[in-house]
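Read the numbers this way: they start at 1 and go in the same order the structure lists the ligands and their atoms. Predicted model, so just to flag it, every value in this text is computed and none were measured.
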Amino acid sequence: MTVAEIIIENGRLITFDDSNGHAEAIALAGGRILAVGSNAEIGAMRGPDTRTIDAAKCTVLPGFIESHIHLFSGGLELGLLDLSTSHDIETVTARVRAYSAEQPDVPLLYAIGAHYDLLGPGRTIDRHGLDRVMPDRPFAVMAADHHTLWANTRALELAGILRGGSVSEGSEIVMGADGLATGELLESGAYEHVLAKTASGGRDLLGMTTGNDPSPPATSQQRAADKAVLRDALRHLAKTGVTTFHNMDGNLYQLELLSEIEAEGDLICRGQIPFHLKNFDPVDRLAEADEMRRRFDSDWLWSGRLKLFHDGVVESGTAAMLRPYPNWPDSTGAPLFAPEQFNEICVRADAMGLQISVHAIGDAAVRGTLDGYAAARAANGVRDSRHRIEHIEVLHPDDLPRLRALDVVASMQPLHAPWGGLFAPPKEGQVLHEDQKPLAYACQTIRETGVPLIFSSDWPVVPVEVLPSLGAAVAPKGLGGNWTDQRQNLHDALASYTSTAAYAEFSEGRKGRLTPGMFADLVILSDDIEKVAPEAVGALSVRLTICGGRVTYDAG
Ligand SMILES: [Zn+2]
């Protein structure tokens, strides 16, 4: 009999193996799961060098698969001033000035996490307000949703856009009646000018803004700094039980840095980096996606995905809607791609065997994405393509059955939903029509149609910690009115972070279940998750993470 390198005993294993849903102990060797069974069965595989871990009756799960994050910016933001808990100008001013004193040398003070009421209820955020917060140094703050950046006058001057500037389609430097920028910068094509002036040079966001590599190429000093950021990010993932991540922005630069980190033995989490095509790119750039897939194709680091953004976000009116917003009667938002262009990209990428992930938040963007997937089927025939739609915050009832009919994977974020408790629900007449609410953030409704549903954080939009997201899914805040109850049962919610997420990346044969032969990727929680009340799930933590048979986090 093979000797185990690691044995975990006295556990409450949830295996996601239909024939053996629960077990007590597990043996690992050679980066794989050797056996799953009782303490006695697994104990028989102990040798003199076996490490034994007592799970102390806590839950043991397959390692979490985080299906939608932005690793580079997430890592970078770990070190920035987070204003997500500030909602009045006095607090913001005190915190920003304290931060300024700690950071005397950075060219542009950069904070994150702002909610739309950052300066107080009903107060719009603009350069004048931010000038009061920080009059004498360039200062900018990113919205929690990462779709808007607000900058003060000094920052706009430094970036050369105080009098406006050219931006790509779908982005906007909002201009005031005085002919100067207001300080509100909508979407990445507008705010990249300001981020380029931050200490990190905005390199973390290139995978989002253009999908290109740094130009001029990063210096060796910059590469080393960026690798340190990515290492921090990987450690942060391990701490929350994540053993695989799907990045949702991409460029070759990130793949190269992660591949160097892998060679140095520090890639402690498996990850996929997509190719990101923008609406201003020629479709022939898909050849680069093919090149990325060819060069990076290991169990630890791979590509093979195409990421597209079809619209923005509801809160700023950039999500593409089928009819005007209730509070902006002249505006529906606009899809970022023309239908013919989008369909052509889907047909070509699908024919190349790339998996497609599309950011689609408004009901028009979701419909346009489904139309693109339908066009791909019509042209290429039905393939096992597992194309995904990211977010699906607003869905027209006619499109609900199309998700299943087109075999789409739904990728949703419990903590983005108003019932998740982090973002306040919109007031009546604000951004959503009452009749849109029943199918808004409709995780459970979508799940019940048989669509594979996967969960994630979209870190750094919300914290990457998995248990708070699971907690939101199993114990949503009741909103009443026209909102529907989207409560998930615990096993389904866990599957969305494990077995279903493995299916979504074509890895169901090697990940997402605790069965012999699968990768030794697993997590031990701080308690028995099946015994605690749903309301307590979000407060659980991770005790130990193992990825590829190696302990990547140990709370001690
Ligand atoms: Zn995202």
Handout entry: Contact check: His70 to the Zn ion (ligand 1), N/O/S below 2.8 Å
Key = yes
Exercise for the section: Check for a donor-acceptor pair, side chain of Tyr191 on one end and backbone N or O of His146 on the other, with a separation under 3.5 Å. Expected result: yes
Practice task
Check whether NZ of the Lys or CZ of the Arg Arg203 lies under 6.0 Å from the centre of the six-membered ring of Phe72 and within 45 degrees of that ring's axis.
Solution key: no
Handout entry: Ion pair Asp407/Arg377, N-O distance below 4.0 Å
Key = yes
Practice task
Look at the N, O or S atoms of His359, main chain and side chain alike, and state whether any lies under 2.8 Å from the Zn ion (ligand 1).
Solution key: no
Practice task
Tell me whether Asp458 has at least one N, O or S atom under 2.8 Å from the Zn ion (ligand 1).
Solution key: yes
Handout entry: Sole candidate of Thr244, Ile454, Val409 that passes side chain to side chain contact (heavy atoms under 4.5 Å, CB included) when paired with Glu505
Key = Thr244
